[in-house]
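Below is one structure, written out as structure tokens; comments come after it.
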Amino acid sequence: MQLTYFGHSCFLLETDKAKILFDPFISPNELAKDIDVDAIECDYVFLSHGHEDHVADAESILKRTGAKVVSNFEIVSWYGNKGIDNGHPMNFGGSWTFEFGWVKYVQAVHSSVMPDGAYGGNPGGFIIQADGKTIYYAGDTALFKDMELFGEQYDIDWALLPIGDNFTMGPMDAMRAARMLNCPNVIGMHYDTFGFIEIDHADVQKIFDQTRNKLTLMQIGETKEL
Ligand code: NI
Ligand code: MN
């Protein structure tokens, strides 16, 4: 499967059977100005929580592509009120088998409100199994001990973890998270987009260099084989 980075916490995961877009925040992101949001094709839009820096482009992409929004019940209902009524609501601990694979919606330690102030349910993350691989997309979160449970339950190949600090885990906690998840490969997200989350890439790599868990910081627009 292939993973393309569109900046901040936005990725496109291409499995054999479906394209899944995570947390689209592209058009307001100065760092992603070379990405043409109207050219992105996807079958699913997975939203971790309701904050603007995760949903900014979701409505336009959902309407243009007819993709299915997958998120917590409150967020899926909020899009339902905008006429996007093919969503798939989930809640923590619940899993569903889609045509491309299996998805579990899991908790995150953060907050969630929609851009208009509506209740955004509780923030989450996704564990996805497709094409023989297991991917954990953590969303915005602090480090939490249940990550150890995820690592015990699932053989996680790739973890997409926030590393920007201030609003989420910083690099030290992300390194700890990778160990708890027992996951060899981490892809960083939620960094550099705005002042509070700017990081020194070399310093962050040094933290991971002390461990067996490899950190990859993708270029915006880059596609990687997972
Ligand atoms: Ni957030
Ligand atoms: Mn965020």
Side-chain angles (χ1 to χ4, degrees), residues 3-13 20-33 35 37 40 44-62 69-79 87 89-92 105-128 135-144 146-147 150 159-175 177-178 186-199 201 204 215-218 220:
L3 187 75
T4 301
Y5 187 43
F6 292 133
H8 200 51
S9 295
C10 181
F11 295 85
L12 183 72
L13 181 68
I20 305 160
L21 185 69
F22 293 88
D23 286 7
F25 172 76
I26 299 162
S27 57
N29 183 358
E30 184 57 27
L31 300 179
K33 61 181 185 315
I35 305 297
V37 69
I40 296 171
Y44 293 86
V45 175
F46 280 25
L47 301 176
S48 64
H49 65 297
H51 289 160
E52 178 74 14
D53 63 315
H54 298 261
V55 306
D57 293 310
E59 185 177 345
S60 68
I61 292 170
L62 288 165
V69 60
V70 179
S71 188
N72 67 37
F73 183 83
E74 292 80 2
I75 290 175
V76 168
S77 302
W78 190 79
Y79 284 100
M90 301 186 79
N91 213 329
F92 296 157
Y105 188 59
V106 295
Q107 66 270 36
V109 177
H110 192 65
S111 57
S112 179
V113 65
M114 305 313 295
D116 65 356
Y119 179 53
N122 291 308
F126 300 95
I127 297 172
I128 296 152
I135 317 288
Y136 171 47
Y137 179 90
D140 278 8
T141 188
L143 179 66
F144 58 92
D146 284 356
M147 287 180 180
F150 302 162
L160 280 59
L161 302 178
I163 58 168
D165 218 337
N166 192 75
F167 295 117
T168 68
M169 295 190 281
M172 289 295 285
D173 282 358
M175 184 260 281
V186 172
I187 293 175
M189 62 182 184
H190 213 272
Y191 61 93
D192 284 353
T193 319
F194 9 84
F196 291 123
I197 61 172
E198 275 169 21
I199 59 163
H201 293 206
V204 172
L215 174 71
T216 300
L217 301 180
M218 292 176 71
I220 295 176

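If you're wondering where the values come from, they're calculated on a predicted model, not measured in any experiment. Indexing begins at 1, ligand by ligand and atom by atom, following the structure's order.
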Among V55, L21, I61, L47, find the residue that satisfies the side-chain contact (heavy atoms from CB on, under 4.5 Å) test when tested with V69.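 Exactly one pass, corresponding to L47.
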Please check if any side-chain donor atom of D23 sits under 3.5 Å from a side-chain acceptor atom of H8, or the reverse.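 Absent: no donor and acceptor within the cut-off.
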Kindly say whether I26 contributes a backbone atom to a donor-acceptor pair with the side chain of D57 at under 3.5 angstrom?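 Yes.
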Write the atom name of the N, O or S atom in D140 that is nearest the Mn ion (ligand 2).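 Of all N, O or S atoms in D140, the Mn ion (ligand 2) lies closest to OD2.
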For N/O/S atoms only: which one belongs to H54 and is nearest the Mn ion (ligand 2)?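 This turns out to be NE2.
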Is the count of non-hydrogen atoms from other residues, nucleotides or ligands lying under 6.0 Å from F167 atom CZ greater than 12?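 Enclosed.
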Decide, counting backbone as well as side-chain atoms, whether [X] has an N, O or S atom less than 2.8 Å from the Mn ion (ligand 2).
X    : result
H110 : no
D53  : yes
H8   : no

Looking at H51 versus F25, is the centre-to-centre ring distance below 6.0 Å?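 No, they do not, as the ring centres are separated by 6.0 Å or more.
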Would Y136 and F150 count as a close aromatic pair, with their ring centres under 6.0 Å?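 Close enough - the centres of the two rings lie under 6.0 Å apart.
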In the protein, N/O/S atoms that are found under 2.8 Å from the Ni ion (ligand 1), waters not counted: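 Within the sphere that stays under 2.8 Å of the Ni ion (ligand 1), the protein atoms of type N, O or S are H49 NE2, H51 ND1, H110 NE2, D140 OD2.
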